[in-house]
Amino acid sequence: MNDNESVWEYFGENDPYFGVNTIAEMRSDNLDENALGVFFKSGEDYVARIWGEIEGNFSPDFRPKRSLDFGCGVARITLPIAKRSGEAIGVDISNGMLELARKNAAEFGIGNATFIKGDDDLSRVTGKFDLVHSFVVFQHIDPKKGEHIFKRIVEMLDEGGIGVLHVEYANTVSTTAQKLRFWAYRDLPLVYKVRSLILGKRNEPLIPMYLYDLNRLMLILQTHGCHKVQVRFSKHGVEGVVLIFKKERAELY
Ligand SMILES: C[S@@+](CC[C@H](N)C(=O)[O-])C[C@H]1O[C@@H](n2cnc3c(N)ncnc32)[C@H](O)[C@@H]1O
């Protein structure tokens with residue numbers, strides 16, 4: 001098991017909803033019906049917005065036969081995607097998250113979603129997709145691996161299909177001291193262990209964060225036939241983009 005996998009196995013087993021949204025209400029000890037309702041509604045609202053972007057700018061009446069949700073977590077976003085798709089496949093690196101995703105699909109009566117364990121080559125995911133999607137996931141994967149996964153996902157998109165992939169690319173909010181502290185927590189594990197001990201969260205690992213070089217991602221899109229790209233900015237603390245694109249020939253300028 002690599003480092004990234006063990007971090008997400010920890011959260012999948014101990015604190016899955018907090019792993020998806022790191023606010024106190026999502027801690028397993030605090031979770032109640034109300035917090036869960038807000039959590040799943042946020043996925044519904046997000047997918048409704050994304051569909052508006054897709055149908056308004058790329059493909060009216062978008063109804064994908066096969067959709068992929070990379071880094072699906074507990075299926076907050078996979079389930080509303082499944083409702084609008086022939087079938088949806090959620091991929092995650094954490095067995096705990098996948099188990100809960102299956103349970104949530106059953107509880108919400110969604111029968112066309114399946115959940116698959118991921119690896120760096122997505123080797124268990126087969127076939128082409130009409131929609132490939134990922135939200136708040138790449139920021140937790142070292143770009144040395146993440147760029148390869150990004151490319152694999154773009155390769156899995158069928159001609160005429162739509163991609164919606166989110167990455168973070170800049171941090172204008174943290175001070176130099178905060179950046180140094182985070183770097184020490186992320187790259188010197190002992191420092192973070194001591195901090196966790198002091199805070200009484202003995203085994204809780206750090207959720208790693210990374211920024212991506214948009215130039216490199218744009219080159220992947222251009223060289224894989226995704227010639228129309230729309231950018232929506234995001235800001236969860238640091239600056240990010242949701243890249244919405246279609247794989248199709250288009251006139252180059
Ligand atoms: C912040 S959560 C987001 C979950 C979901 N996308 C959502 O918005 O509700 C990040 C998820 O990415 C998964 N993840 C992290 N690294 C991964 C990788 N290399 N392959 C697949 N999933 C990964 C984690 O297990 C976790 O479930």
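Whatever order the structure lists ligands and atoms in, that order sets their numbers, starting from 1.
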Set of residues satisfying salt bridge (Lys or Arg N to Asp or Glu O under 4.0 Å) with respect to Lys103, sequence neighbours excluded:
Glu107

Donor on one side chain, acceptor on other, Tyr46 and Arg49, under 3.5 Å
no

Test: salt bridge (charged side-chain N to carboxylate O under 4.0 Å, His left out). Region: residues 163-182. Which pairs qualify, not counting sequence neighbours?
none

Asp142: salt bridge (Lys or Arg N to Asp or Glu O under 4.0 Å) partners, not counting sequence neighbours:
Lys144

Under a 4.0 Å heavy-atom cut-off, which residues neighbour ligand 1?
Asn4, Trp8, Gly19, Val20, Phe70, Gly71, Cys72, Gly73, Arg76, Ile77, Asp92, Ile93, Ser94, Met97, Phe135, Val136, Val137, His140, Ile141

Within the distance-only criterion (no hydrogens, no angle test), does the side chain of Arg66 pair as donor or acceptor with the backbone N or O of Lys128 below 3.5 angstrom?
yes

Does one side chain, of Glu87 or Thr114, offer a donor that lies under 3.5 Å from an acceptor on the other?
no

